[in-house]
2 protein chains.
Amino acid sequence: MVVSGNQAFKALADPTRREILRLLRQGEMKAGDLAAHFDMTKPSMSHHFAVLREADLIVSRRDGQQIWYALNTTVAQDLIAWLMDVLGDAKQRRGGKNK
Amino acid sequence: MVVSGNQAFKALADPTRREILRLLRQGEMKAGDLAAHFDMTKPSMSHHFAVLREADLIVSRRDGQQIWYALNTTVAQDLIAWLMDVLGDAKQRRGGKNK
DNA sequence: CATAGAGTTAGACAATCGTCTAATTAAATG
DNA sequence: CATTTAATTAGACGATTGTCTAACTCTATG
């Protein structure tokens with residue numbers, strides 16, 4: 001885990017934040033457009049963006065009045081590597097050992 | 001996500017629980033032997049086992065006085081599928097789209 | 001430069017979480 | 001059956017989390 005393993009896992013623990021990541025699969029989006037997908041105030045959404053950014057799961061850039069968010073795949077790759085390592089092929093390994 | 005997506009993600013948010021999963025990679029272990037790896041009371045460890053079991057990330061069986069825990073790979077596979085879907089190949093996808 | 005719009009920051013508050021000690025359950029054994 | 005050992009359950013408590021309203025920053029524009 002390169003940088004923020006624990007923060008990244010904690011960030012993923014909230015369903016709103018996972019949905020934000022899902023929306024960003026298709027490319028970057030403005031903060032306001034993201035927020036429009038949720039039944040929640042803008043400050044609450046802003047908080048979720050901050051948590052995701054501090055976990056390095058997203059990156060942001062300002063363009064005039066608006067802020068664009070996009071997935072940061074670097075930490076994402078680390079998370080997947082951790083999960084695959086710990087949980088991914090355990091079945092095969094156990095099969096080989098305990099059969 | 002088959003059953004307990006949110007619970008599974010929340011279970012992964014704690015470093016002690018992730019370490020428990022890591023230890024279980026090599027096969028099932030007794031509750032006491034797992035607990036011995038941590039600087040924490042047994043009731044606290046028992047709580048973490050319960051969270052992991054409710055998230056379907058581990059399974060347990062009693063053998064006399066002792067309880068054995070093992071990884072449950074079913075939900076683990078779902079988690080990995082989710083992560084790969086949302087975060088896994090975003091770089092390639094964005095590259096193809098926004099280049 | 002006054003106003004409006006997009007977004008964040010500050011601070012409060014209830015709910016959830018992680019840990020502890022004390023009590024309890026369940027199995028083994030003299 | 002009394003005691004010991006392995007583990008969980010119950011309940012308390014401080015820390016963290018997710019949400020809200022109010023206030024603020026920053027940019028655009030008349």
Side-chain angles (χ1 to χ4, degrees), chain A residues 3-24 27-72 75 79, chain B residues 3-24 27-72 75 79:
Chain A
V3 164
S4 48
N6 194 44
Q7 274 183 281
F9 278 112
K10 278 161 67 174
L12 287 179
D14 183 87
T16 298
R17 291 195 288 265
R18 291 198 302 275
E19 179 68 8
I20 291 169
L21 295 176
R22 208 186 57 76
L23 288 167
L24 289 177
E28 60 181 1
M29 289 179 69
K30 289 179 273 185
D33 290 347
L34 275 169
H37 281 79
F38 299 85
D39 183 19
M40 198 175 291
T41 64
K42 287 210 293 183
S44 296
M45 292 302 300
S46 202
H47 162 72
H48 287 307
F49 299 149
V51 171
L52 287 169
R53 198 159 34 71
E54 278 152 31
D56 261 342
L57 285 165
I58 61 176
V59 293
S60 66
R61 67 181 177 85
R62 178 179 279 274
D63 173 29
Q65 236 171 333
Q66 284 148 16
I67 295 188
W68 292 80
Y69 286 105
L71 285 178
N72 170 18
V75 169
L79 285 177
Chain B
V3 164
S4 48
N6 194 44
Q7 274 183 279
F9 278 111
K10 278 162 67 173
L12 287 180
D14 182 86
T16 297
R17 291 195 288 265
R18 291 197 302 275
E19 179 68 8
I20 292 169
L21 296 176
R22 209 186 57 76
L23 287 168
L24 289 176
E28 62 181 1
M29 289 178 69
K30 289 179 272 186
D33 291 346
L34 276 169
H37 281 79
F38 299 85
D39 184 19
M40 196 175 290
T41 63
K42 287 210 294 186
S44 296
M45 291 302 299
S46 202
H47 162 71
H48 288 306
F49 300 150
V51 171
L52 288 169
R53 198 161 34 71
E54 277 151 33
D56 262 342
L57 284 166
I58 62 176
V59 295
S60 66
R61 66 182 177 85
R62 178 179 280 274
D63 173 29
Q65 233 172 333
Q66 285 147 17
I67 295 187
W68 292 80
Y69 285 106
L71 285 178
N72 172 16
V75 169
L79 286 177

side-chain N/O B:H48 vs C:dT19 OP1/OP2, d < 4.0 Å: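 Indeed, a polar side-chain atom of B:H48 lies that close.
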Looking only at side-chain N and O atoms, does B:Y69 come under 4.0 Å of OP1 or OP2 in D:dA6?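 Looking at the OP1 and OP2 atoms of D:dA6, neither is under 4.0 Å from any side-chain N or O of B:Y69.
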Scan A:M40 against the nucleic acid and name what it touches under 4.0 Å (heavy atoms): base, sugar-phosphate only, or nothing.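 Sugar-phosphate contact only.
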Indicate, with a heavy-atom threshold strictly under 4.0 Å, whether B:F38 touches base, sugar-phosphate, or nothing.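 The residue B:F38 makes no contact with any strand.
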Pairwise distance [atom1]([X]) to [atom2]([Y]) - rounded to 0.5 angstrom:
X     : Y     : atom1 : atom2 : answer
A:W68 : A:M29 : CH2   : CE    : 9.0 Å
B:I67 : B:R61 : CD1   : CZ    : 11.0 Å
A:Y69 : A:L21 : OH    : CG    : 12.5 Å

Could you check how far [atom1] of [X] sits from [atom2] of [N], rounded to whole Å?
X     : N      : atom1 : atom2 : answer
A:L52 : D:dT17 : CG    : P     : 13 Å
B:L12 : C:dG18 : CG    : C1'   : 16 Å
A:E19 : D:dG18 : CD    : P     : 16 Å
B:Q66 : D:dA6  : CD    : P     : 7 Å
B:F9  : C:dT16 : CZ    : P     : 20 Å
A:R61 : D:dT27 : CZ    : P     : 15 Å
A:L34 : C:dA6  : CG    : C1'   : 13 Å
A:F49 : D:dG18 : CZ    : P     : 15 Å

Excluding sequence neighbours, so at least two apart, what forms salt bridge (Lys or Arg N to Asp or Glu O under 4.0 Å) with A:R53?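 Residues passing salt bridge (Lys or Arg N to Asp or Glu O under 4.0 Å) with A:R53: none at all.
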Who are the side-chain hydrogen bond (donor to acceptor under 3.5 Å, both in side chains) partners of B:R22, not counting sequence neighbours?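 Here the qualifying residues are B:E19.
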Return yes if some donor-acceptor pair links the side-chain N/O of B:R17 with the main-chain N/O of B:L12 below 3.5 Å, else return no.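 Pair absent, no side-chain N/O of B:R17 close to backbone of B:L12.
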Main-chain N/O of B:D56 paired to B:N72 side chain as donor or acceptor, under 3.5 Å: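 The answer is yes, because a donor-acceptor pair under 3.5 Å joins these two groups.
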So if I take every side-chain heavy atom of B:D14 and compare against C:dG18, D:dT21, C:dG7, which nucleotide ends up nearest?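 Side chain of B:D14 sits closest to C:dG18.
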Give the angle between the helix axes at the two ends of the helix from C:dC1-D:dG30 to C:dG30-D:dC1, taking five base pairs at each end and rounding to 10°.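 The angle separating the two end axes equals 10°.
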Among A:D14, A:L71, A:L57, A:L24, whose side-chain contact (heavy atoms from CB on, under 4.5 Å) with A:L52 holds?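 Option passing the side-chain contact (heavy atoms from CB on, under 4.5 Å) with A:L52: A:L57.
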Protein proximity profile, nucleotides 25-30 of chain C - base contact B, sugar-phosphate-only contact S, no contact -, cut-off 4.0 Å on heavy atoms: --BS--
Walk along nucleotides 9-16 of chain D from 5' to 3' and tag each nucleotide B, S or - by protein heavy-atom contact under 4.0 Å, base first, then sugar-phosphate. B-------
Which atom of B:V75 lies closest to which atom of B:A55, heavy atoms considered: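 Reported closest heavy-atom pair: CG1-O, 3.8 Å.
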Between B:N6 and A:R18, which heavy-atom pair has the shortest distance, and what is it?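 Answer, listing the atom of B:N6 first, then A:R18: OD1-NH2, 3.0 Å.
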How far apart are the C-alpha atoms of B:M45 and B:I20, what are their side-chain angles, what is the distance that settles it, and do they pass the side-chain contact (heavy atoms from CB on, under 4.5 Å) test? CA-CA 9 Å; B:M45 291 302 299; B:I20 292 169; 3.8 Å; yes
Listing, residues 34-42 of chain A side-chain donor-acceptor contacts under 3.5 Å, not counting sequence neighbours, or none:
residue: A:H37; atom: ND1; partner: A:D33; partner atom: O; Å: 3.0
residue: A:T41; atom: OG1; partner: A:S44; partner atom: N; Å: 3.4
residue: A:T41; atom: OG1; partner: A:S44; partner atom: OG; Å: 3.0

